Amino acid sequence: MEKNSPNANSDKDTPVSDGVPKPEGPANLIDTDYVIGQDNLTTRRFGLDVDLHGKVFSISALLILFFVFITLALQDQVEPVFDAVFAFLTGNMSWFFLLAANIFVILAIALIFTPMGKIRIGGAHATPDFSYMGWFAMLFAAGMGIGLMFYGVSEPLTHFGTAMSGTTMENGVRTDWAPLGAAAGDTEAAISLSMATTIFHWGLHPWGIYAVVALALALFSFNKGLPLTMRSIFYPILGERIWGWPGHLIDILAVFATLFGLATSLGLGASQASAGLAYLFDIPNNDVTMVLLIVGITAVALMSVLVGVDKGVQRLSQLNMVLAFLLLAFVIAVGPTLAIATGFFDNLGSYLSHLPALSMPFGREDANFSQGWTAFYWAWWISWSPFVGMFIARVSRGRSVREFLIAVLLVPSLVSVLWMTAFGGTAIDQVITDNFQGVKDAALELQLFTMLGQLPLTAITSFVGIVLVMVFFVTSSDSGSLVIDSITAGGKIDAPKPQRMFWAIIEGAIAIALLLGGGLAALQTAVITTGLPFTVVLLVACYAIIKGLLSEPKGSKEQHPA
C-alpha cells in the first residue's frame, strides 16, 4: 500500500530511519510500519559499535567463512568440483543468461522513451548529491575498471586470433572458440568481428544489467522510503513478507553474489598486478606475490573505508579516471592514431551490425564462444549487479530516470568502445603491421604490458597500468564493502565503519581462497553459480520497476543544477 506525499520533505539532509533520506517534493511513499533497522542487533562490544541485521549478517558470514575454510583446506578435492559445476552451468544454462540480459537492456532503453523517464530519483524536487564529473567518475570506476585493464588488450586479440583461424569440426560439433561464423583468413573481417564481440561484452548489456538493479534500488529506497537493500525491490510482489524469511533469503543471496563477483575481479586484478610487477621489476609472479598484493591492497581499502564515500571512494575514483584517461590518451597519441580514430566509428558500426547475432540466445553454432565467453560474462555482471547497482543508486539521487538511464547506459559504453579500440586495436596493429607476435603469445595477464612494451616510455606506462589495477582494486573493495554492509545492516547506509571493514577483509579472504583453491577456474565457477539464481531475482525486479514507476507522481522537471 502506498501513501501520496504531496511534499514529503523539503530538507534533503533530514533522514528517514537512520540514513535513507526522505523524498523531496511529491512522492508515493509505501505505507509500512516497518522501521529501518528495527530487527537489528545494536550493541557495543570490545569498544566497537555494532548495528547489524542478526539473521542476514550471521548466516552470510558463517556460510562464507565455511566456504573459505573448505576451499583452502581441501584444495585438491574442490578444484574438480569447480570445473564440473562450471561446465554444467555454462553448457546447459547459457541461453538463460543471454535471454535475461537482452530483457534487461530492452527494458532500460524502453524506459528512456516513456513518460516515466521524467520521474526524479529522490522525489520531484530532489537535486543531485554529486557533480557530473564526480558522478561519471564513480560510475566508471565501480562498474568495470579492473576488467577493462585485464581484458582491454587480451580479449580483442583472442577473438581476432580465433576468428582468423576459422572453424573446426569434430564429429559434427564445432570445437573452435571463434565468435559466430569466424572469418577464416580475412584480416579486415576478423578485426571487425573481434572488436564487435569485445564491445558486445563491455557495452550496453552489462550496463543494462547494472541500470535495472540501480534504478530499482534507488526507486524503492529514495522514492518509496524503504531500506536500501535488495529485498525492498520485491515489495510490490511480496508486500510485508519482505521483512521475513523471503526478504532475508533475497538479501543473503545478494551478499553471496556480490562477494563472489568481487572476488573474481580482485583475483583478476591480483594476477595482472603480479604479472606487471614481474615484467617490470622481476618480482616472482606466483601465489605468494598475489596473496601479498591482495593483503596490501585490502589494507589500503580499509583506510579508504575509514574516510567515507565523499573523501574515500569519490577521490579514488577521480584519481583513477584521471590516470586511466592519461594512459588512454598516451596510447592514442603514440599508437596507430589514425587507425584508432577511424576504428572507433568502424567498431561501433560493427558492434551494432553484429549485435542481433551475438545476443541470440538460441540455435547458436558457436557453443564454445557463447557458453565460455558470453554466458560467463553475463553471470559475472549479474553477480556484480547488487554491488554496482546499489553503489550507483547511492550516488544517483536527484537524477531523473531518463538522465540516469542515458548516463548509465551510454557514457560507460562509449568509454568502453574507445578503450577497447585504443588498447585492443593497437595490439592487433602490432601483430598485423609490425608482425610482432609477442603480444599475441604472452599470457593473458601480461598482454597489456607486452603491448605497452612496444611503445615509448614503457617503464612509466607499465607502472601507471599497475597503479591503475591496484586503485581499481581498492575502489572495488571499498565500494563493495559499503554495499554489503548496507545489506547486512538491514538497509542502513550509515552503519558503524568496523562492519564495513569486516566485509572488506572477507572480500580479500575469498579472493585468496579461490585463487589458491583453483585459480581463475574457481573464480569463474563461483560467479556462474551465484549468478544463476540471482538472474531470476533480477527478472522479477523488472516487473517491480515498472509497477513502482507507474505509481509515482508525474510531471517532474528535467532541469536541475548539476
Side-chain angles (χ1 to χ4, degrees), residues 144-165 176-179 182 190-203 206 264-280 285 290 324 327-328 331 335-336 340 343 347 351 358 368-369 372-378 380-381 415-432 434 436-455 458 461-462 464-466 468-470 472-473 515 519-521 523-524 527:
M144 49 185 58
I146 290 176
L148 286 178
M149 295 298 295
F150 191 90
Y151 287 107
V153 170
S154 64
E155 185 169 350
L157 263 182
T158 301
H159 296 322
F160 173 73
T162 56
M164 282 289 287
S165 299
D176 62 274
W177 284 74
I191 293 174
S192 174
L193 181 58
S194 66
M195 295 307 301
T197 301
T198 303
I199 294 166
F200 171 60
H201 288 153
W202 297 87
T264 301
S265 297
L266 300 186
L268 291 175
S271 64
Q272 188 175 34
S274 177
L277 290 171
Y279 181 79
L280 279 182
N285 182 13
M290 285 189 277
L327 186 61
L328 176 63
V331 172
I340 293 172
N347 294 338
Y351 163 60
L358 288 169
N368 282 343
F369 166 77
W373 277 97
T374 305
F376 164 67
Y377 266 132
W378 288 180
W380 189 13
W381 303 141
V415 170
S416 296
V417 174
L418 181 58
W419 187 276
M420 296 300 183
T421 298
F423 284 77
T426 298
I428 292 173
D429 183 75
Q430 290 174 355
V431 173
I432 296 172
D434 304 333
F436 175 63
Q437 302 300 312
V439 65
K440 186 175 69 173
D441 297 335
L444 288 183
E445 60 269 20
L446 263 178
Q447 287 183 322
L448 168 65
F449 303 108
T450 308
M451 181 273 287
L452 292 174
Q454 298 302 297
L455 304 177
T458 299
T461 55
S462 295
V464 169
I466 295 170
L468 266 172
V469 170
M470 291 181 175
F472 275 130
F473 199 144
L515 273 175
L520 293 181
L523 294 167
Q524 292 176 332
V527 162

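As the structure is a computational prediction, the values presented were derived from the model and not from experiment.
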Non-hydrogen side-chain atoms of Trp373 and Glu155 separated by less than 4.5 Å: yes
Atom pair CZ/OG1 of Phe369 and Thr374 - distance to nearest 0.5 Å: 3.5 Å
Check: Ala270 main-chain N/O paired with Ser274 side-chain donor or acceptor under 3.5 Å: no
Candidate pair Tyr351 and Met195, rule side chain to side chain contact (heavy atoms under 4.5 Å, CB included), full reasoning: CA-CA 7 Å; Tyr351 163 60; Met195 295 307 301; over 6 Å; no
Worked check of side chain to side chain contact (heavy atoms under 4.5 Å, CB included) between Leu157 and Gln447: CA-CA 9 Å; Leu157 263 182; Gln447 287 183 322; 4.0 Å; yes
Validation row: Ile466, Phe449 side chains within 4.5 angstrom (heavy atoms): yes
His201: which of Tyr151, Trp380, Trp378 passes ring pair (Phe, Tyr, Trp, His ring centres under 6.0 Å): Trp378
Leu455 side chain near Gln430 side chain, heavy-atom distance below 4.5 Å: yes
Residue pair Gly453 / Tyr279: nearest heavy atoms and the distance that separates them: CA-OH, 3.7 Å
Least distance between heavy atoms, Ala196 atom then Leu358 atom: O-CD1, 3.9 Å
Spacing of OG belonging to Ser462 relative to CE belonging to Met451, to within rounding of 0.5 Å: 9.0 Å
Validation row: Asn347, Met420 side chains within 4.5 angstrom (heavy atoms): no
Atom pair CG (Asn285) and CG (Leu446), whose distance is rounded to the nearest 0.5 Å: 7.0 Å
Flag side-chain contact, heavy atom, 4.5 Å: Phe423 against Leu148: no
Thr461 side, atom OG1; Leu448 side, atom CG - distance, nearest 0.5 Å: 8.5 Å
For Ala163 against Ala182, the heavy-atom pair lying closest together: O-CB, 3.7 Å
Asp176 side chain to Ala178 backbone, donor-acceptor under 3.5 Å: yes
Rounded distance (nearest 0.5 Å) linking atom OG of Ser154 with atom NZ of Lys440: 14.5 Å
Among Leu452, Thr450, Ile428, the one residue meeting side-chain contact (heavy atoms from CB on, under 4.5 Å) with Val439: Thr450
Nearest heavy atoms of Pro179 and Thr162, plus distance in Å: CD-OG1, 3.8 Å
CD on Gln272 to CE on Met470, rounded to 0.5 Å: 10.5 Å
Shortest non-hydrogen contact from Thr421 toward Gly343: CG2-C, 3.7 Å
Donor-acceptor contact below 3.5 Å, side chain Thr426 vs main chain Gly335: no
Closest non-hydrogen atom pair, Val331 against Ala422: CG1-O, 3.7 Å
